[in-house]
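Whatever order the structure lists ligands and atoms in, that order sets their numbers, starting from 1. Here the structure is a predicted model, which means the values were calculated and not measured.
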Amino acid sequence: MASGTALIYDEEMTRYKLLWVDPICKIEVPERLVVSYAALQKAGLTQRCVALPVREATDEDILLAHSTEYLEAVKKTPYMTLEELMTFAVPYGDVYFHPNIYHCAKLAIGATLNLVDAVMTGKVRNGIALVRPPGHHSQRSTANGFCIFNNVAIGTLYAKKKYNVRRVLIVDWDIHHGQGLQYCFEEDPDVLYFSWHRYEHQKFWPNLRESDYDSVGKGRGAGFNINLPWNKVGMDSNDYLSVFFHVLLPVAYEFNPELVMLSAGFDSAIGDPEGEMCATPEIFGHLTHLLMSLAGGRLCAVLEGGYNLTSLPQSVCQTVQTLLGDPVSRISGLSSPSKSALESIQSVRSVHQQYWACFKHVAAKPGYEPHTKHSKLEAGQDGLQPGEETKEISWPEPLLRLPPPTRTAVALPAGLEDSVPESCKRVTETLLTPEEAAEKLGNLNIQDLKNKDLLQSLGNVQSLVDKIEKKQVRNGLLLVPDLRKTLAFAVQHALISLTDRVLLVFLGNEAPVEVRVDGKLMLVQFCSTEPHEPKSKHHIPVMMKGFGDVPGFLHAVLTLLLPLAYGYDPGLILVAMGKGSGMGVAAWTQLTSLLQGLAEGQMLVLMQQGDEEETIRTTAASLLGEPAQSLGTLGDPLPESMDAVEKLRLKLETQWGLLQTRGQNLP
Ligand SMILES: CC(O)(O)NCCCCNCCCN
Ligand SMILES: [Zn+2]
């Protein structure tokens, strides 16, 4: 499996700037790259990455996405006078030229292509290209929005052509709509383009009608263009995560991409004069993590926008740390998305309802017609007038995300040692005495506790919880003879020794523990038979028609379990798969991968002795940070599973706001 994170940066790309007065363009400054790279150096991240060189794009590369006429015109800019450069820029809109910008634009493309090469050849697992000029606004024959050539479009076309990549997902979290990417791929069913962007009902730049949610793609590409408009400013982590849980991730998993291209613009971060949003930099560590279980971890991030010289470098560091596999910081105090965000979420899900099985149950938008025309509204009032400074906004600097000395510790019965990668640390602890065990298992009679294997597994689970609590180990895997008893003991021990909340995710029919009503434990139980009515709001039974329904299981994980877990914000996660849950190893490792975005990755996985070695090995690999295997092309979730999830959502969404998918009063 590929490993390593590429970092591609060259200071030559800082050697162009605005040479005349232009309040619109003045924010796109060389310092954007300088401060970002310096922050990575200061955080000791550059030396942990694989440094790759940039190269100059060839004409052939550029002509993948641009016309000859346009390329020939841009080729003349190095020889233009200041006057000629200004005149040349005017027809394009919100972009400037410089004698060296053509050179830098070729390097930005070359950086992107070297990143694609490194990821597609397995030289690295993922990576980021810190480039300028950005690309996602530029179109076949036009520069726009500080962009000269479309780096991500060219990178995508290059990957398809050179590596025969079939399905590419482009995620564009820049706060502006990458209309250049939309136009390039809107008829291509092999490229799924997702963009969120400040829109304010077409009053925000670039003021395009086709940036709205009803531009779903054209012809065979219908369904493969997803626009999520932000119609208000001030969106925060609740809004961003809700869009991932209820729009992007369900579709992304159904699309099952072979490569993820990330148009990583950080003007969607707090403090940015363009975005005027409120999401703090930590959110990008989570958004990156949520994308890393797709496409076998093949993720190419390419810098787009980002104009606040404090939140930009912080957000870049958050993204790179997650690409490197560092623990993701906890986001506490999440509550629910804004009403405006819910309206956009509902709108985009209903217009895409006809294209995606994951939205099959969503009420279709009445009288909806795919939008096909391009029309341009003259610029209206769009937030800050150019040059108007944002009022002083401040936010806490992101906390350090220090990995514990050991990432994964395992306790396996004799004879199974070699069923996990050697980088796992083996734990074999002292046996517990029956009295010690009884202390926490209370209701079990002492006779039961004579069993040496059981006492050994209780000793191991106690020691692993303690090592995780002391941050000596990030996560652990236990193979136990008696799952129910060991799990009950683990929960009791965790609740006694940790002050923090514990989330237990259990796959199996009989609830393994009684959930107390004090809220210190949340049990999300995937079961195939209707459990007795749970006593506490923190015991959430998720009915799965059959454990073979992988699409249904995944839908429940993405749109129910993750929103619950992020809203609950646990300090420790216990995951256990009861006997015969028959979930399949790919779906199971998606679960253990995705959940590592919570609790700083502090997780304990308990498995029943007798589980096949393949499942044990891949679970350990996932805890070590290996990307989960892709699930392959998902079929449709079983209707019963979808109905069960929706019924549960309706019941819980008032208590757990991130479960909401539409405004309360919307149909
Ligand atoms: C790469 C990028 O998406 O960040 N480019 C943004 C271009 C903004 C153009 N001016 C907007 C005027 C409204 N404030
Ligand atoms: Zn932008």
Side-chain angles (χ1 to χ4, degrees), residues 13 16 18 21-33 36 89-97 101 104-105 108-109 112 129-139 142-153 170-183 193-208 211 227-230 233 235 240 261-277 279 284 301-309 311-312 315-316 376-390:
M13 285 182 280
Y16 78 91
L18 181 58
V21 174
D22 177 337
I24 290 254
C25 294
K26 74 172 193 182
I27 54 175
E28 206 296 302
V29 294
E31 288 73 18
R32 297 176 56 233
L33 286 196
S36 298
V90 168
Y92 293 128
D94 290 37
V95 64
Y96 66 87
F97 284 83
I101 200 168
C104 296
I109 300 166
T112 306
L130 286 183
V131 301
R132 68 187 277 272
H136 69 154
H137 297 301
S138 61
Q139 299 141 53
T142 165
N144 180 256
F146 316 150
C147 307
I148 308 301
F149 297 127
N150 201 317
N151 308 316
V152 167
I170 303 175
V171 176
D172 186 341
W173 71 39
D174 185 287
I175 206 60
H176 298 94
H177 181 221
Q179 82 277 38
L181 289 168
Q182 173 167 310
Y183 300 154
Y193 176 60
F194 168 87
S195 170
W196 64 34
H197 34 271
R198 182 177 172 180
Y199 190 59
E200 292 174 297
H201 301 293
Q202 204 174 334
K203 286 204 297 305
F204 189 69
W205 187 90
N207 313 95
L208 297 173
S211 302
N227 285 337
L228 193 287
W230 299 120
V233 293
M235 295 299 164
Y240 287 9
M261 297 296 292
L262 176 55
S263 263
F266 295 104
D267 39 20
S268 39
I270 189 167
D272 192 280
E274 282 291 309
E276 294 185 84
M277 298 298 170
F284 296 103
V302 182
L303 182 66
E304 296 279 2
Y307 306 99
N308 179 301
L309 300 182
S311 60
L312 168 62
S315 305
V316 167
K376 193 168 166 64
L377 190 92
E378 59 286 340
Q381 180 65 22
D382 55 36
L384 287 161
Q385 285 319 308
E388 191 182 320
E389 292 315 308
T390 41

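Take Y96 and apply the side chain to side chain donor-acceptor pair (under 3.5 Å) test, not counting sequence neighbours, and it matches E28, R132. For D94, the side-chain contact (heavy atoms from CB on, under 4.5 Å) test picks out I24, W205, with sequence neighbours left out. By the side chain to side chain donor-acceptor pair (under 3.5 Å) test, H136 is found to be paired with D172, residues two or more places apart in sequence or in another chain being considered.
Only the side chain of D267 comes within 4.0 Å of ligand 1, judged by heavy-atom distances. By the criterion of a heavy-atom distance under 4.0 Å, the side chain of H136, and not its backbone, is placed next to ligand 1.
Around atom 6 (C) of ligand 1, the closest heavy atom drawn from Q179, H176, E28 belongs to H176. When the heavy-atom distances from atom 4 (O) of ligand 1 to W205, F266, Y307 are ranked, the shortest goes to Y307.
Contact between R32 and I27 at its shortest, heavy atoms only, is CD-O, 3.9 Å. Nearest heavy-atom pair across V316 and S36 is CG2-OG, 4.1 Å. The minimum heavy-atom distance linking G275 with V233 is given by the pair O-CG1, 3.9 Å. The two residues V302 and V152 make their nearest non-hydrogen contact at CB-CG2, 3.8 Å.
Listed by number with element, the atoms of ligand 1 under 4.0 angstrom from any heavy atom of P134 are 1 (C).
Listed by chain and residue number, the protein N/O/S atoms under 2.8 Å of the Zn ion (ligand 2) are D174 OD1, D174 OD2, H176 ND1, D267 OD2, with waters left out.
Residue-to-ligand polar distances place D174 within reach of ligand 1: an N/O pair is separated by less than 3.5 Å. Note: no N/O pair closer than 3.5 Å links F204 and ligand 1 by distance alone. Looking at ligand 1, you'll find an N or O of D94 within less than 3.5 Å of one of its N or O atoms.
Note: H137 and H176 have perpendicular aromatic rings, judged against thresholds of 30 and 60 degrees for the angle between ring planes. Ring planes of W196 and W230: tilted class, angle from 30 to 60°.
Applying the ring-ring contact (aromatic ring centres under 6.0 Å, His included) test between W173 and each of Y240, F284, F194 identifies F284 as the sole match.
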